[in-house]
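Written below as structure tokens is the structure these notes are about.
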Amino acid sequence: MKLPANLTRADVVALERRHVWPPYTSSERHEATEPLVVVGAEGPWLEDADGRQLLDANSSWWTCTLGHGHPRLRAALTRQAEALMHVAAGGITHAPIALLAQELAAVAPEGLERVHFSDDGSTAVEVAIKVAFQYWQQNGRPRRTRFVTLSGAYHGDTIGAASLASLDEFHRVFHPILFDVVRPPRLGEAGGWDRVFEEVIAQVRARPDEIAAVVVEPLVQGAAGMQVYRPELLRALREATREVDTFLIADEVFSGYGRTGHMWACEAAGVSPDLLCTAKGFTAGVLPMAATLATGRVYDGFRGGAGRALMHGHTFCGNPLGAAVAREVLAVYRDERILERVRAAAPVIRAGFDEIAKLEGVRRVRTLGMIGAADVGDGGYGGRMGWRVFEAALERGAFLRPLGDTVYVVPPLNLDPDLLTRLLDILRDSVRQALTSRD
Ligand SMILES: *Cc1c(COP(=O)(O)O)cnc(C)c1O
């Protein structure tokens, strides 16, 4: 792959610096650091403008579960592009979306049979909380207006999704316009996940008349730094929500699509939520598309005429290109036994991180499925040590963007076993280098 004719790497960087407003990046950082200029990507590899190949260790922000440019996904997209690229969802439907909804319901946790399509993880969550809220408004519990979340929650960047979060680094400035949620103490202050869940469950029991839903990232919180908790805790929370008959919303935007070794992290806990959000792996990173799944009971709460319809919708809701790719993703998962591959890779990742844990200066490691993370400093999201590891790994041929002082791997789920070993070696060597060259 090459840049377009008459365009150098420096031209691209200069234009980008002049006109693009990148996410989560200070202007100074944007102007002073050399971005990777990517010209192509195949399988787990990113290719930059100088022809350098880099392992995409975070699957392009956790989306490319099947690597880049999977031939079947490319073919499905091309086929659909030739037939129908877009049509609005109002009063119109098409085969890709009808079939996708059916196929998704078939692999979803028990009871989730309705699918509302949208564009990204934040809107999938936004839809779930609006559904929960509106449900209780029109089904006899109008005082149920509050949401309960976990410590360290991240559910996206729109105002509703950000209201659920407790990552101050991301959303502090918006506090005055976010709505209030019931949240337990921070993980550290609470003294661990058991205490956090005790507190959440106590809140659910104490305020059954106020709680519209509990929103969780099942088993693993991505943006919080790959924080992992035991399935039993999720199960206990599900039981508590059932006791008081309120909703559990599972945000599987990161944890779904096999990342944990199960299609859905909820399955590992034997839990079926009332609403489930999926995005990142949904089109395996090919197109921005998301879905919110709901039970028949939730859907039925919106019967009874126009005044009770779900008041939400997006222009690109159910886009045929996205739907065709999402269907092919499910087929590839089946045919290429992706979940089995994750289960085979999980112990390799665990062993790799056990080695990293032995390095002097490494605070804590955790792994789950094809996720491995290590804290290399105490700076949290603002920490700089993770970025030193990033620089060292880049030299060795891996793109390992950290979450501050948390370095992690979230590789494509179909990564070749030899490359997984190589990636873990690169990470270990880079952590060692960064921690020993510390000033
Ligand atoms: C990434 C993420 C989101 C937000 O998804 P976007 O597509 O970035 O809007 C929501 N929830 C979780 C758990 C995520 O990891």
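Just so it is clear, the values below take in all heavy atoms, side chains as well, and ignore hydrogens, waters and symmetry mates. As the structure lists them, so they are numbered: ligands from 1, and atoms in each ligand from 1.
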Is there a donor-acceptor contact under 3.5 Å linking the side chains of [X] and [Y]?
X: Tyr333; Y: Thr65; answer: yes
X: Thr158; Y: Glu126; answer: yes
X: His70; Y: Glu336; answer: yes

Would you find more than 12 non-hydrogen atoms of other residues, nucleotides or ligands less than 6.0 Å from Arg18 atom CZ? no
Find all protein N or O atoms under 3.5 angstrom from an N or O atom of ligand 1 and list the pairs with distances, or write 'none'.
residue: ligand 1; atom: 5 (O); partner: Gly121; partner atom: N; Å: 3.4
residue: ligand 1; atom: 5 (O); partner: Ser122; partner atom: N; Å: 3.4
residue: ligand 1; atom: 7 (O); partner: Gly121; partner atom: N; Å: 2.8
residue: ligand 1; atom: 9 (O); partner: Gly121; partner atom: N; Å: 3.4
residue: ligand 1; atom: 9 (O); partner: Ser122; partner atom: N; Å: 2.8
residue: ligand 1; atom: 9 (O); partner: Ser122; partner atom: OG; Å: 2.6
residue: ligand 1; atom: 11 (N); partner: Asp251; partner atom: OD1; Å: 3.4
residue: ligand 1; atom: 11 (N); partner: Asp251; partner atom: OD2; Å: 2.7
residue: ligand 1; atom: 15 (O); partner: Lys280; partner atom: NZ; Å: 2.6

Does the plane of the ring in Phe197 sit parallel, tilted or perpendicular to the ring in Tyr229? Use 30° and 60° as the thresholds.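 Rings of Phe197 and Tyr229: tilted, as their planes differ by 30° to 60°.
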Is the charged tip of Arg29 near the ring of Trp387: under 6.0 Å from the six-membered ring centre and within 45° of its axis?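 Judged by the rule (NZ or CZ under 6.0 Å from the ring centre, within 45° of its axis), Arg29 counts as positioned above Trp387.
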